[in-house]
Structure formats: C-alpha cells, structure tokens
Protein chains: 2
Amino acid sequence: MSNWTLYEGDCLEVMRELPSESVDAVVTDPPYGISYQSAWRDKSARLPKIANDERPFVWWLHDAFRVLKDGGAILCFCRWDTQEAFRLAMEWAGFTVKSQIIWDRQGHGMGDLKAAFAPTHDVVWFGVKGRFEFPGKRPQSVIRIPRLSGQVLVHPNEKPVDLMRWCVESVTPKGGTVLDPFAGSGSTLVAAVEGGYRAIGIEVDPTCCDIIRKRMAAVQQPLPLEK
Amino acid sequence: MSNWTLYEGDCLEVMRELPSESVDAVVTDPPYGISYQSAWRDKSARLPKIANDERPFVWWLHDAFRVLKDGGAILCFCRWDTQEAFRLAMEWAGFTVKSQIIWDRQGHGMGDLKAAFAPTHDVVWFGVKGRFEFPGKRPQSVIRIPRLSGQVLVHPNEKPVDLMRWCVESVTPKGGTVLDPFAGSGSTLVAAVEGGYRAIGIEVDPTCCDIIRKRMAAVQQPLPLEK
DNA sequence: ACTACGGTTGAATCCTGAA
DNA sequence: GTTCAGGATTCAACCGTAG
C-alpha cells in the first residue's frame, strides 16, 4: 500500500470528503486569484492577465481546519502584498497564527524596477490548531534556500524540495500525515514521502497531476537505496 | 555649521514646526505598540518602558508625509505582528507602500518557545510620496545583518549602524536630508552623517538624547581620518 | 458566594555569542 | 571547551472588580 494519495479534482470538493481530524499538518501554496485552477495552462493559452486579479483564494481554510488534528499545524505560502488576507482568513477559520516565516529565495523577479525593492522573499504563515509542539528543534523564522532556476521548472510556481522538506519536518510529527490541497508540481508530496511521512495531495489540473505522478514514481524507488 | 540637528522633545510637536517638503527621506523605528518591557531578572534591573508603546503609534505619519519632498521615501521598522497597522496608516497618510523589506537579524529572542518559530527577522515597510527613483542600484528586499548583542546603550532595540547605513543609502539622494522622528539610540543619525547626508533627529527621552549627542560628537571627528 | 473577566506580575523557556 | 548572561516574550498564576 502506498504512503501517498493524489486526488485529481477541485480542492473544495475533495476536502469536503476528507474525515475530520485526520491529518497532522497542512503545507501548501495556494493561488492568489481566480485563475487558480491553472495559472500555468492559462499562460500557455495566452489569456490576458488582469491587473487587479489578486483575489486571495481562502475558501479551503475552513475545511483545512476541520481536517487537521488538534495540536496540528498549517504552513501557508503567500506574497507580501496578499499576506494579510491569508492571515485574517486563517484566524477566522480557527487557526492561531503564531509566526510569520520568510523564505529568502535570494533571487528575484521584476516588479517595479524604478521604485520597489527587488522582491527576493516570500511570506509563509504558520498557524496552529489547539496546543502545538514542535516535533524537533525550534526552527527559526527565516529560511534561506535559493529558488529554482527557470530551466529546471516543470511548473511556474515550483518550490524547491529542500524548502518543502524543511517545512514538513519543522511542523509534522515523525511519520505523520501531510496534506497539500494545491499540490501543483508536487514538491510537498515528494518532500513528505522522501522524509517518511504520509502525504495527501489535491490538484485540479490534469497536466500537473501527470507531472506529480511521474515525480512520485521516481520517489517510490526503494528508499533504502537512497541517501 | 553642523550637518545634523537633534530636537529633544515630543515628535508630534516638533514635526508640526518642520517646513513642508523639506526632507528627502524618513528612516525610523517607531514604538511597535507591544507594550514591551524586558522582564528578565528582577524588577529593579529592568530597562525603562518604551514611551507610547501601548498601541501602534502611527500619528506621526501624517506630518511625515507633509514634511517629505515629492519623490521622497519612507522606511518604517515594525514587527511581523503589528506590521499591518503601520502599512495601513502609511497608506492613509498618503504614502504608496511599494515593498516589504525583511531585516534578517540572524539572532532571536524567546517568544513562545513551544509553538512559535524563533523570530529572527523584523519587517521594514518602504513607502514613497509621488514618483520615486532609487539613487543607486535597486536594492533587494532581504537584508542580512547580525543584530547587536551585549553593548546595548539604552534602548532594548538599538539598530546596527551598518543596517541604517544600508537603509539611508538605498533610498536617499546623495547629500540629501534624512529625518528620524524616533531617534532612540541615534544609529540612523550616525549612519546618515557618516555617509555625507544631512540628518534631523527627534527624541523625547533626555537620556537617549545625551547618548545621541555623545555618539554624534565622535562622528563629528574629522571625517578624513575615519575609514 | 461563586463565576467570569480584565489587568498586572514574575517565572520560565532555549539559543547565541561573549567571557 | 565551558560557563553564563541576555534577549522588540509568552504563559500561568493571581489579584480585584463586576455580574
């Protein structure tokens, strides 16, 4: 039996079916706007980008709270200018937001070249349900891992596995279950399963799902041979 | 004639008297609104409470906007959990908040040891009035400078001069005027004057003012002798 | 009286870097 | 090495007051 599951479907619908208090941690990178189903596919289809398409997609947080065990944790990626929406929604969903974590990715995109600092970081909110305790050493609020370069990307928003491993290991009890409702390129699942955790992923885009299954097949190679 | 001025008094009263559009940059570290008092050891050894620290102290922002030249910038330090108050108030005062900057100070205090990441960063909001342009290279959003330890003067939160120099140089035109309405230990003034800028400081605490004057006297040593 | 709540006090926690 | 102080804290315990 496999220690990971991928649901191909809308995360709101899938999460509704997941049992309460069944996962130890939620680690995810939700979309910001209405093109959340697949920013990637939209891009290749050359849909025009709407300037104010920055509506944070927070509706999964309610079920995320229900599905999480008491004493469990959530790590939610966001951008500096949408962070407050996610922080508020997390609180409203029942989480206690305990920390702002900074992913110092050391490389930047463009932004406003004239009048804005080159953004080399992303924000990750850390929230808890009930009384949480770190499974290991207390981690620090800044994590410095270079972002993936454009050429190795299989997904526009792909996170380094090292980063996701740090996330998972920081907040999940050994062997626990990690849920990523926006699996995307699957880095969270790879990191979790490689680290000996159980993983549940949800992804609506079929192309992404194919990529995830391919990546996970490689991970599933006999673990003892690795490392 | 000196290239720096220190006003000993309440920043709201002093700023009211400053002429409009007279400074190129505001760089400051206001009371966070966390009612902080270090409670290590016994009561008698405690440092004095920071004035105006009960709630986020944002009332200076209105005059800060007026006093700033068009095209000028503001850098405002805050903590992750009070940052939103300052961002909102900056926008209300007229600034356009362009960037969130992270000071990775690489050392942390205590916080919630069980259920919060060790906070090793502070947030700095970057706002502009009108059309701003960086005087030099476009800076990045994460600045990594170790915090001071041990040699604290009076404030529990003295900033490294290197950090303030980076702040001042990033946003102030060469030889411009920098205003710090919460001069505190005076690091901003030291950094500005050392860098060939003009500096205006305001500080309400007489002890802090003495320390600032002492530090600035050292800075005023013939500059050519310094490195 | 007994609980409920708000405000204040001090103990305790762990990691880092200086001694 | 090894000890030790110190840290933009949080939490529990303890009041006093109010309902």
Side-chain angles (χ1 to χ4, degrees), chain A residues 71 73 91 95-102 126-128 130-144 170-171, chain B residues 27-58 75-87 100-125 143-164 167 180-188 203-205 207-208 211:
Chain A
E91 293 275 359
F95 296 105
T96 306
V97 175
K98 300 288 288 187
S99 300
Q100 183 193 40
I101 301 161
I102 303 299
F126 167 64
V128 300
R131 182 172 296 266
F132 169 89
E133 272 191 45
F134 289 110
K137 232 186 77 175
R138 183 189 191 204
Q140 300 196 335
S141 69
V142 179
I143 176 70
R144 203 167 185 231
S170 291
V171 304
Chain B
V27 178
T28 196
D29 184 18
Y32 286 2
I34 53 178
S35 205
Y36 176 77
Q37 182 170 39
S38 180
W40 60 274
R41 277 310 126 101
D42 56 284
K43 211 171 172 180
S44 58
R46 289 183 187 177
L47 296 173
K49 269 196 147 179
I50 298 165
N52 277 319
D53 198 28
E54 310 304 319
R55 296 168 293 276
F57 191 77
V58 299
L75 287 174
C76 175
F77 280 74
C78 42
R79 220 175 57 170
W80 71 271
D81 54 339
T82 51
Q83 61 175 316
E84 190 59 17
F86 286 97
R87 195 184 70 89
Q100 182 194 41
I101 299 161
I102 303 298
W103 173 33
D104 179 3
R105 57 178 136 86
Q106 297 170 267
H108 61 86
M110 303 188 292
D112 181 341
L113 299 165
K114 286 250 181 59
F117 284 59
T120 60
H121 73 278
D122 282 317
V123 171
V124 187
W125 287 121
I143 176 70
R144 201 167 188 234
I145 289 179
R147 68 157 186 193
L148 298 175
S149 70
Q151 319 96 321
V152 169
L153 298 177
V154 273
H155 261 237
N157 61 334
E158 180 182 339
K159 300 280 181 288
V161 172
D162 284 351
L163 173 67
M164 302 322 291
C167 289
D180 184 351
F182 304 93
S185 64
S187 295
T188 306
E203 174 56 47
V204 71
D205 184 277
T207 316
C208 287
I211 284 157

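Chain letters run A, B, ... following the sequence lines, proteins first and then strands; every chain starts at 1. Nothing here was measured: the structure is a model prediction, and the numbers come from that model.
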Is any side-chain heavy atom of [Y] closer than 4.5 Å to one of [X]?
{"X": "B/F182", "Y": "B/T28", "answer": "yes"}
{"X": "A/Q100", "Y": "A/S141", "answer": "no"}
{"X": "B/W103", "Y": "B/H121", "answer": "no"}

**Message:** Requiring both pairing distances under 3.5 angstrom, list the stems that contain DNA chain C and are made of three or more consecutive Watson-Crick or G-U pairs.
**Reply:**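 Stems (3+ consecutive pairs) listed as C:2-12 with D:9-19, C:14-19 with D:2-7.
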Interatomic distance where [atom1] belongs to [X] and [atom2] belongs to [N] [whole Å]:
{"X": "B/E158", "N": "D/dA8", "atom1": "CD", "atom2": "C1'", "value": "14 Å"}
{"X": "B/W80", "N": "D/dT10", "atom1": "CH2", "atom2": "C1'", "value": "12 Å"}
{"X": "B/F117", "N": "D/dT9", "atom1": "CZ", "atom2": "C1'", "value": "17 Å"}
{"X": "B/D81", "N": "D/dT10", "atom1": "CG", "atom2": "C1'", "value": "12 Å"}
{"X": "A/K98", "N": "C/dT13", "atom1": "NZ", "atom2": "P", "value": "16 Å"}
{"X": "A/Q100", "N": "D/dA8", "atom1": "CD", "atom2": "C1'", "value": "15 Å"}
{"X": "B/H121", "N": "D/dT9", "atom1": "NE2", "atom2": "C1'", "value": "15 Å"}
{"X": "B/R79", "N": "D/dT9", "atom1": "CZ", "atom2": "C1'", "value": "8 Å"}

**Request:** Specify the residue among B/M110 and B/G107 whose closest nucleotide of DNA chain C lies further upstream toward the 5′ end.
**Result:**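 Its nucleotide being nearer the 5' end, the pick is B/M110.
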**Message:** Listing request: all salt bridge (charged side-chain N to carboxylate O under 4.0 Å, His left out) pairs with a residue in residues 103-117 of chain B, at least two apart in sequence or in separate chains.
**Reply:**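 Checked against salt bridge (charged side-chain N to carboxylate O under 4.0 Å, His left out) - neighbours excluded - the pairs reaching residues 103-117 of chain B are A/K98-B/D112, B/D104-B/R144, B/R105-B/D122.
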**Message:** For A/F132 and A/F126, I'd like to know if the aromatic rings sit close, meaning centre-to-centre distance below 6.0 Å.
**Reply:**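 Centroid distance A/F132-A/F126: below 6.0 Å, so yes.
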**Request:** Assess the pair B/Y32 and B/F77: is the distance between their ring centroids shorter than 6.0 Å?
**Result:**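 They do not qualify: ring centres at least 6.0 Å apart.
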Below 4.0 Å: OP1/OP2 of [N] and any side-chain N or O of [X]:
{"X": "B/Q106", "N": "C/dG17", "result": "no"}
{"X": "A/R138", "N": "D/dT10", "result": "no"}
{"X": "B/K114", "N": "D/dT9", "result": "no"}
{"X": "B/R105", "N": "D/dG7", "result": "no"}

**Request:** Measure the spacing between SG of B/C208 and CD of B/E203 and express it to the nearest 0.5 Å.
**Result:**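 Going from SG on B/C208 over to CD on B/E203, the span is 4.5 Å.
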**Request:** Specify the residue among B/D112 and B/R147 whose closest nucleotide of DNA chain D lies further upstream toward the 5′ end.
**Result:**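 Looking at DNA chain D, the more 5' nearest nucleotide goes with B/R147.
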**Message:** Let's test your reading of the model: under 3.5 Å, does the base of D/dA8 pair with the side chain of B/D122 as donor and acceptor?
**Reply:**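 Side chain to base: no pair below 3.5 Å.
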**Of the listed nucleotides C/dT16, D/dA8, C/dT13, the one nearest the side chain of B/K159** =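 Nucleotide nearest to B/K159's side chain: D/dA8.
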**Message:** Please classify the nucleic acid contact of B/P30 as base, sugar-phosphate, or nothing, using heavy-atom distances under 4.0 Å.
**Reply:**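 Base: the residue B/P30, judged by heavy atoms under 4.0 Å, touches a nucleobase.
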